[in-house]
Trainee: 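I am attaching a structure below and will ask some questions about it afterwards.
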Amino acid sequence: MIVMKFGGSSLATAARMQQVADLVVRSAKTPCVVLSAMGDTTNQLFAVAEAAGAGNHEDAIAKVAKLFESTQVVIDALLRTPETVAKPFAQLRADVELLVRGITRDASQSVPRERTARTRDALVAHGERIATLLLTEHLRELGQQVLPVDARDVMITNNNYGRAKPNRGAILQRTHQNIGPHIARGVIVVTQGYVGAAPDGSTTTLGRGGSDWSAALLCAALLGDELQIWTDVEGVLTADPRIVAEAQPIAQLTPEEAAELAAFGARVLHPSTIQPVVDKGIPVTVRHTMRPDGLFTRIDREGTGPARGIAALASRGPITVLTMTSRRMLDASGYLARLFAAFGELDIPIDLVTTAEVSVACTVEADAPIQQLIAALDGQAHVEVTTDCAIVAAIGDGLQHTDRVLERACRALYPIKPLMVSFGGNSRNLSFVVRSIEQNAALRRLHAEFFGNAAAPLATSVLEESN
Ligand code: ADP
Ligand code: ASP
Ligand code: MG
């Protein structure tokens, strides 16, 4: 069997839903279909939660009305008998309105943050629930044997609402109970990505973009033959096409290259996607829903490896650089361990690190609790904070064997001055920290150098280039 995951843009209109159904029906093996929410739905639901959280009940309800009315237009264009979904669709809307009332009420009292996060998860999960309702009914109308499976019966997580951690043991067991037998009988299963359930049954979500991760977890549990990520680009490209117009599709990547690219900002794959499937030796392909016969990327151990050099570029921001200085670093062994322990206690992940004689610089997410960290490090180190930075990374298994790679990258970046350079942490990642305003220009310059843009950026100012 295979797992086919379709992202939001692949489900945005009735015509795209029809195309998705066509791909599902034409699949040579019975698929487990994992859906994201349609188009911009998740963003709209977050906006609903925000309006409700700010106490603007009427605004929130108006936003709900807009979302459900525009979805109704898709239903009317997609289904021959739209009335079949009228009742469950109205029920989903009533659920959302009830949750909105709950959030608005909570906002007027001071309820614990955890409760708000829990209600928000229940609310935003409706995007995926709407999508599965529509596609299931459409497949039924096409005469397919199809079963909708509520992800909350399978995707068991902890109760870290908004960023829940999947419980792989429980997922394995539930998948064998609730999905495997149906696929074995040739019944197409349609389920929600991104959505899960805490041990107490309450709805959780895996974090933005998390439906790739759901699909990978299910594919690993089902020991699928292939995980297909269907999206709006012809696979993983040499850079984000929204920034580098000349970015080219990549035919093959190793799992390590793909994981590194995702972690360093290539949004086409959620950073946790690769691990569950690679553990089982299952290949991943990334494909364009509207161009199914076009190019695509295959991610597996056969990836082209060191011979290629740099496989692709990625960038991520904003991030913050912290430079910690202390004379005590001079002769104190174990000093770094004590310094970084403070990060661990505040649950602040560190990305890049460089050290000098009496200082160490590292990068953290822009929303890290930096004031708390500074307080915790009081007396241990002086902390200098540089906000509005970005990481630009070149990734490839053969990076270290690329001739004069560091020299070429620095020359290409000039006059952009990197604030930090990280090379050698592993053999496949060369990262630069630049100012946020230089992020796009840096990416374009490196792309021109290593992949030869037609329009090399000889342009005017770096600032202009970055726009
Ligand atoms: P989906 O809704 O299908 O999950 P996403 O928007 O999450 O789609 O991911 C696809 C988008 O990722 C592309 O449209 C592209 O803008 C962006 N992207 C960023 N980096 C890359 C890259 N290296 N290759 C391909 N797409 C990329
Ligand atoms: N719909 C969710 C989001 O927008 C999950 C996903 O698209 O993967 O983040
Ligand atoms: Mg995505």
Side-chain angles (χ1 to χ4, degrees), residues 4-12 16 19-20 34-47 49 67 120-121 123-132 151 155 162-164 191-196 204-217 227-251 253 257-273 284-291 294-297 299 310-317 392-396 439-440 443 446-447 451:
M4 304 175 86
K5 178 263 168 177
F6 293 93
S9 63
S10 306
L11 304 162
R16 291 196 189 168
Q19 168 71 5
V20 166
V34 178
L35 299 186
S36 176
M38 297 156 60
D40 195 32
T41 302
T42 309
N43 285 342
Q44 291 188 50
L45 288 168
F46 269 100
L67 171 63
R120 194 196 300 120
D121 267 6
L123 184 112
V124 297
H126 280 74
E128 274 68 14
R129 296 175 63 195
I130 296 170
T132 47
M155 193 56 54
R163 244 173 207 287
T191 189
Q192 300 89 20
Y194 180 56
V195 178
T204 57
T205 62
L206 304 187
R208 296 304 305 266
S211 45
D212 298 343
W213 194 9
S214 305
L217 289 160
L227 168 61
Q228 299 183 345
I229 305 280
W230 291 88
T231 181
D232 62 352
V233 275
E234 283 182 309
V236 182
L237 310 183
T238 49
D240 185 339
R242 290 167 301 180
I243 304 173
V244 182
E246 298 81 1
Q248 295 295 319
I250 305 166
L253 284 171
E257 287 172 328
E260 201 85 23
L261 278 170
F264 279 80
R267 160 179 164 163
V268 65
L269 278 178
H270 182 282
S272 308
T273 307
V284 182
T285 55
V286 183
R287 301 163 184 263
H288 196 319
T289 305
M290 301 313 283
R291 287 181 222 149
L295 300 171
F296 65 94
T297 302
I299 304 165
I310 294 177
L313 307 174
S315 70
R316 190 154 68 74
V392 180
I395 285 149
Q439 177 177 350
N440 292 352
L443 197 70
L446 291 175
H447 198 273
F451 299 97

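Note: hydrogens, waters and symmetry copies are ignored here, and every other heavy atom, side chains too, is used. In listed order, ligands and their atoms are each counted from 1. Residue numbers count from 1 along this sequence. Keep in mind it's a predicted model, so treat the numbers as computed, not measured.
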Trainee: Quick test of your reading of the structure: of Asp232, Val233, Leu269, whose heavy atom lies closest to atom 14 (O) of ligand 1?
Mentor: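 Ranked by closest heavy atom to atom 14 (O) of ligand 1, first place is Asp232.
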Trainee: Of all the atoms in ligand 2, which lie at a distance below 4.0 Å from a heavy atom belonging to Arg208?
Mentor: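 Listed by number with element, the hits are 3 (C), 4 (O), 9 (O).
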Trainee: With a 4.0 Å cut-off on heavy atoms, does Ser36 reach ligand 1?
Mentor: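 No heavy atom of Ser36 comes that close to ligand 1.
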Trainee: Quick one: look at Ser211 and ligand 2, take heavy-atom pairs under 4.0 Å, and tell me if it's side chain, backbone, both or neither.
Mentor: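 For Ser211, backbone and side-chain atoms both sit under 4.0 Å from ligand 2.
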Trainee: Are the side chains of Val284 and Ile229 in contact, using a 4.5 Å heavy-atom criterion?
Mentor: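 SC-SC contact between Ile229 and Val284 confirmed.
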Trainee: The test is side chain to side chain contact (heavy atoms under 4.5 Å, CB included); show your working for Met290 and Asp232 and say whether it passes.
Mentor: CA-CA 7 Å; Met290 301 313 283; Asp232 62 352; over 6 Å; no
Trainee: Is the backbone N or O of Ala151 less than 3.5 Å from a side-chain atom of Gln192, with the two atoms forming a donor-acceptor pair by type?
Mentor: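 Judged by distance alone, yes, a pair lies under 3.5 Å.
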Trainee: In sequence, state the C-alpha distance, the side-chain angles, and the governing distance for Arg267 and Asp240, and then conclude on side chain to side chain contact (heavy atoms under 4.5 Å, CB included).
Mentor: CA-CA 8 Å; Arg267 160 179 164 163; Asp240 185 339; 5.7 Å; no
Trainee: Would you mind listing which atoms of ligand 1 come within a distance below 4.0 Å of any non-hydrogen atom of Gly235?
Mentor: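 Matching atoms, with element in brackets: 25 (C).
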Trainee: Just to confirm my output: which protein heavy-atom neighbour is closest to atom 2 (O) of ligand 1, and how far is it?
Mentor: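 Atom 2 (O) of ligand 1 sits closest to the protein heavy atom Gly8 N, 3.1 Å.
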Trainee: Does Arg208 have more than 12 heavy atoms from other residues, nucleotides or ligands lying within 6.0 Å of its CZ?
Mentor: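 More than 12 within 6.0 Å, yes.
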Trainee: Looking only at distance, does Thr42 have an N or O less than 3.5 Å from an N or O of ligand 2?
Mentor: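 By distance alone, the answer is yes.
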Trainee: Determine whether the side chain, the backbone, both or neither of Lys5 has a heavy atom under 4.0 Å from any heavy atom of ligand 1.
Mentor: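 For Lys5, only side-chain atoms sit under 4.0 Å from ligand 1.
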Trainee: Is there a heavy atom of Gly7 sitting under 4.0 angstrom from any atom of ligand 2?
Mentor: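 No.
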Trainee: Give a yes or no answer on whether the side chain of Thr205 reaches the backbone of Tyr194 with a donor-acceptor pair at less than 3.5 Å.
Mentor: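 Such a contact is absent between Thr205 side chain and Tyr194 backbone.
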Trainee: Just jot down the ligand 1 atoms closer than 4.0 angstrom to any heavy atom of Thr231, in number order.
Mentor: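 The list of qualifying atoms is 1 (P), 3 (O), 8 (O), 10 (C).
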Trainee: Is Arg16 reaching over with its side chain to a backbone N or O of Ser9, donor-acceptor style, under 3.5 angstrom?
Mentor: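 Confirmed, Arg16 side chain pairs with Ser9 backbone.
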Trainee: At what distance is the nearest protein heavy atom to atom 21 (C) of ligand 1, and which residue and atom is it?
Mentor: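 Among all protein heavy atoms, the one nearest atom 21 (C) of ligand 1 is Asp240 CA, 3.7 Å.
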Trainee: Hey, does Leu237 come in under 3.5 Å of ligand 1, counting only N/O atoms on both sides?
Mentor: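 Between Leu237 and ligand 1, an N or O pair is found under 3.5 Å apart.
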Trainee: Which atoms of ligand 1 have any heavy atom of Ala239 under 4.0 Å away?
Mentor: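 That gives atoms 22 (C), 23 (N) of ligand 1.
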Trainee: Select the closest option to atom 1 (N) of ligand 2 among Arg267, Glu128, Met38, judged by heavy-atom distance.
Mentor: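 Shortest heavy-atom distance from atom 1 (N) of ligand 2: Glu128.
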Trainee: Counting each atom of ligand 1 from 1 as listed, which ones have a heavy atom of Val236 under 4.0 Å away?
Mentor: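 Numbered from 1, ligand 1 contributes 24 (N).
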Trainee: Using a plain distance cutoff, I'd like to know if Gly207 has any nitrogen or oxygen under 3.5 Å from a nitrogen or oxygen of ligand 2.
Mentor: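 So ligand 2 has no N or O lying under 3.5 Å from an N or O of Gly207.
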Trainee: Relative to ligand 1, is Arg242 under 4.0 angstrom through side chain, backbone, both or neither, heavy atoms considered?
Mentor: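 Only the side chain of Arg242 comes within reach of ligand 1.
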Trainee: Hey, does the side chain of Glu234 reach the backbone of Arg291 with a donor-acceptor pair shorter than 3.5 angstrom?
Mentor: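 Looks like no, no N/O pair under 3.5 Å.
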Trainee: Distance to 0.1 Å, residue and atom name: give those for the protein heavy atom nearest to atom 5 (P) of ligand 1.
Mentor: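 Heavy-atom neighbour on the protein nearest atom 5 (P) of ligand 1: Arg267 NE, 3.4 Å.
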Trainee: Contact between Ser211 and ligand 1, counting heavy atoms under 4.0 Å?
Mentor: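 Judged by the 4.0 Å heavy-atom criterion, Ser211 does not count as contacting ligand 1.
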Trainee: Out of Thr42, Ile243, Val268, indicate the one that has the non-hydrogen atom closest to atom 12 (O) of ligand 1.
Mentor: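 Among Thr42, Ile243, Val268, the closest heavy atom to atom 12 (O) of ligand 1 belongs to Val268.
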Trainee: Indicate whether any N or O donor in one side chain lies under 3.5 Å from an N or O acceptor in the other, for Thr204 and Asp121.
Mentor: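 There is no such pair (donor and acceptor under 3.5 Å, judged by atom type) between the side chains of Thr204 and Asp121.
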Trainee: Please check if the side chain of Glu128 supplies one atom and the backbone of Ser36 the other of a donor-acceptor pair under 3.5 Å.
Mentor: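 Flag not set: sc Glu128 to bb Ser36 has no pair under 3.5 Å.
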Trainee: Any nitrogen or oxygen of Ser10, side chain or backbone, less than 3.5 Å from one on ligand 1?
Mentor: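 No, Ser10 has no N/O under 3.5 Å of an N/O on ligand 1.
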Trainee: Which protein heavy atom lies closest to atom 7 (O) of ligand 2, and at what distance to 0.1 Å?
Mentor: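 Looking at atom 7 (O) of ligand 2, the protein heavy atom closest to it is Ser36 OG, 2.8 Å.
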Trainee: Please determine whether any non-hydrogen atom of Gly210 lies less than 4.0 Å from an atom of ligand 2.
Mentor: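 Gly210 counts as a contact of ligand 2 under the 4.0 Å cut-off.
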Trainee: Quick one: does any side-chain atom of Thr297 pair with a main-chain N or O of Ile250 as donor and acceptor, under 3.5 Å?
Mentor: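 Checking the backbone N and O of Ile250 against the side chain of Thr297, a donor-acceptor pair under 3.5 Å is found.
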Trainee: Between the main-chain N or O of Ile243 and the side-chain N or O of Asn440, is there a donor-acceptor pair closer than 3.5 Å?
Mentor: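 Flag not set: sc Asn440 to bb Ile243 has no pair under 3.5 Å.
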Trainee: Determine, step by step, whether Met4 and Trp230 satisfy the side chain to side chain contact (heavy atoms under 4.5 Å, CB included) criterion, reporting the C-alpha distance in whole Å, the side-chain angles of both residues, the deciding distance to 0.1 Å, and the verdict.
Mentor: CA-CA 7 Å; Met4 304 175 86; Trp230 291 88; 3.7 Å; yes
Trainee: Does any N/O atom on Thr238 come nearer than 3.5 Å to any N/O atom on ligand 1?
Mentor: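 No: no nitrogen or oxygen of Thr238 is under 3.5 Å from one in ligand 1.
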Trainee: Evaluate Leu253 against Val286 for side chain to side chain contact (heavy atoms under 4.5 Å, CB included), listing each step before the verdict.
Mentor: CA-CA 11 Å; Leu253 284 171; Val286 183; over 6 Å; no
